[in-house]
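Have a look at the structure below, then the notes.
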Amino acid sequence: MADTVIEMVVLTGAGVSKESGINTFRDAEGEWTKYRIEDVASPEAFASNPGIVHSFYNARRAHLLEAEVQPNAAHRALVQLEEVLGDRFMLITQNVDDLHERAGSRRVIHMHGELLKARCTHCGAVTDVTVDLGQGESCPTCAQENTLRPHIVWFGEMPLQMEEIFQALGRCSHFIAIGTSGTVYPAALFVEHASKSGATTVELNLEKSENARSFGESIYGPATTVVPQFVESYLRRRV
């Protein structure tokens with residue numbers, strides 16, 4: 001993709017998956033409220049008490065796999081963009097669920113990792129997982145026992161594929177942020193990077209984000225409403 005002209009880079013956050021029944025980090029209800037962040041979302045926490053960490057992510061994984069959790073209209077609208085733009089489209093998500101893929105997206109970068117994957121702390125191999133972890137599993141690649149951790153970027157760890165992301169931001173013509181709070185770094189810097197390269201920047205959100213002033217245009221409302229409307233309008237203008 002290094003030599004491909006990028007027409008649009010889209011960043012999605014928790015606001016896209018919320019209408020599918022996935023609680024956001026800041027919701028008053030949900031798994032996050034039952035734990036202290038430092039106890040479940042850092043390498044130090046996993047080293048000192050892997051059982052608690054696994055319990056937290058096992059619950060989140062089980063919730064993601066519930067029948068009622070399904071892609072919504074926002075996820076499906078982004079599939080339309082990818083079908084039209086092809087390699088000129090990049091979808092970056094802060095979400096660790098697989099709802100973009102279930103909707104049909106194929107070019108997805110999970111910068112914060114994926115809930116339905118595990119990573120071996122011994123050999124680094126990443127494998128699919130849909131069951132609870134923390135019960136003496138062995139790595140399918142190296143066969144070491146009790147080395148699997150959630151394939152999640154924790155506090156203090158570097159988000160994934162950052163070089164590829166910033167390269168795309170530096171040569172895209174449009175940057176769209178959907179359902180993000182604008183408080184999590186380095187994702188909060190993406191709009192500034194894209195703007196410096198001359199990209200048109202648009203925020204689609206339920207309400208103003210912390211960095212809303214950095215966007216050239218803002219449209220507010222539920223993701224299932226504003227995202228399909230934006231995609232339809234963009235593709236119509238593009239013809």
Side-chain angles (χ1 to χ4, degrees), residues 11-18 20-66 69 92-100 109-139 144-163 165-166 177-191 205-211:
L11 171 69
T12 64
V16 170
S17 294
K18 182 174 176 60
S20 290
I22 302 292
N23 288 325
T24 72
F25 182 79
R26 293 168 179 76
D27 280 337
E29 300 178 357
E31 290 302 317
W32 281 106
T33 63
K34 303 174 186 177
Y35 300 83
R36 295 193 311 162
I37 294 173
E38 55 267 32
D39 291 338
V40 295
S42 72
E44 295 77 16
F46 187 68
S48 63
N49 199 331
I52 290 179
V53 176
H54 277 309
S55 176
F56 173 72
Y57 287 99
N58 287 342
R60 295 188 70 193
R61 189 180 303 110
H63 174 55
L64 175 58
L65 293 172
E66 291 174 355
V69 176
I92 307 162
T93 186
Q94 296 172 279
N95 301 332
V96 298
D97 61 62
D98 67 336
L99 296 179
H100 283 302
I109 291 179
H110 284 269
M111 63 178 292
H112 290 161
E114 299 179 65
L115 191 55
L116 298 185
K117 293 184 185 295
R119 184 166 75 250
C120 178
T121 57
H122 178 73
C123 71
V126 176
T127 56
D128 294 334
V129 60
T130 56
V131 298
D132 287 353
L133 294 177
Q135 301 177 352
E137 303 86 2
S138 60
C139 172
Q144 291 288 318
E145 293 186 356
N146 299 313
T147 59
L148 296 182
R149 57 159 278 182
H151 183 48
I152 302 295
V153 175
W154 287 327
F155 291 99
E157 296 181 325
M158 179 64 68
L160 306 176
Q161 297 180 252
M162 293 307 299
E163 182 177 355
I165 289 172
F166 275 106
I178 306 172
T180 65
S181 65
T183 60
V184 179
Y185 289 84
L189 298 174
F190 289 178
V191 61
N205 218 341
L206 185 62
E207 55 190 19
K208 286 186 177 181
S209 66
E210 291 292 327
N211 59 351

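Numbers for residues simply follow the sequence, beginning at 1.
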Would you please name every residue forming a side chain to side chain donor-acceptor pair (under 3.5 Å) with [X], sequence neighbours left out?
X    : value
D97  : S17
H63  : E66
S209 : E203, N211
E145 : none

Heavy-atom check, side chain of S42 versus side chain of E157, under 4.5 Å: no
Min side-chain heavy-atom separation V129-R61 under 4.5 Å: yes
Aromatic ring pairing W154/F46, orientation class (parallel under 30°, perpendicular over 60°, tilted between): tilted
Return the minimal non-hydrogen interatomic distance between [X] and [Y], and the atom names on each side.
X    : Y    : value
L11  : F190 : CD2-CD1, 4.0 Å
G182 : E210 : O-CB, 3.7 Å
M111 : I165 : CB-CD1, 4.1 Å
Q94  : G13  : OE1-CA, 3.9 Å
N58  : V131 : OD1-O, 4.4 Å

Greater than 12 external heavy atoms within 6.0 Å of E163's CD: no
Test item: S20 side-chain N/O and I22 main-chain N/O as donor-acceptor pair under 3.5 Å: no
Backbone N/O of A45 and side chain of D39: donor-acceptor pair under 3.5 Å: no
What side-chain donor-acceptor pairs closer than 3.5 Å can you find for residues 115-124, not counting sequence neighbours?
{"unit_1": "K117", "atom_1": "NZ", "unit_2": "D128", "atom_2": "OD1", "d": "2.8"}
{"unit_1": "R119", "atom_1": "NH1", "unit_2": "H151", "atom_2": "ND1", "d": "2.7"}
{"unit_1": "T121", "atom_1": "OG1", "unit_2": "T147", "atom_2": "O", "d": "3.1"}

How many angstroms lie between [atom1] in [X] and [atom2] in [Y], if you round to the nearest 0.5 Å?
X    : Y    : atom1 : atom2 : result
N95  : T180 : CG    : OG1   : 10.0 Å
S138 : L148 : OG    : CG    : 7.5 Å
S181 : E207 : OG    : CD    : 10.0 Å
E114 : L160 : CD    : CG    : 8.5 Å

Pairing residues for H110 by the ring-ring contact (aromatic ring centres under 6.0 Å, His included) criterion, not counting sequence neighbours: none
Evaluation steps, side chain to side chain contact (heavy atoms under 4.5 Å, CB included), between Q161 and I92: CA-CA 10 Å; Q161 297 180 252; I92 307 162; over 6 Å; no
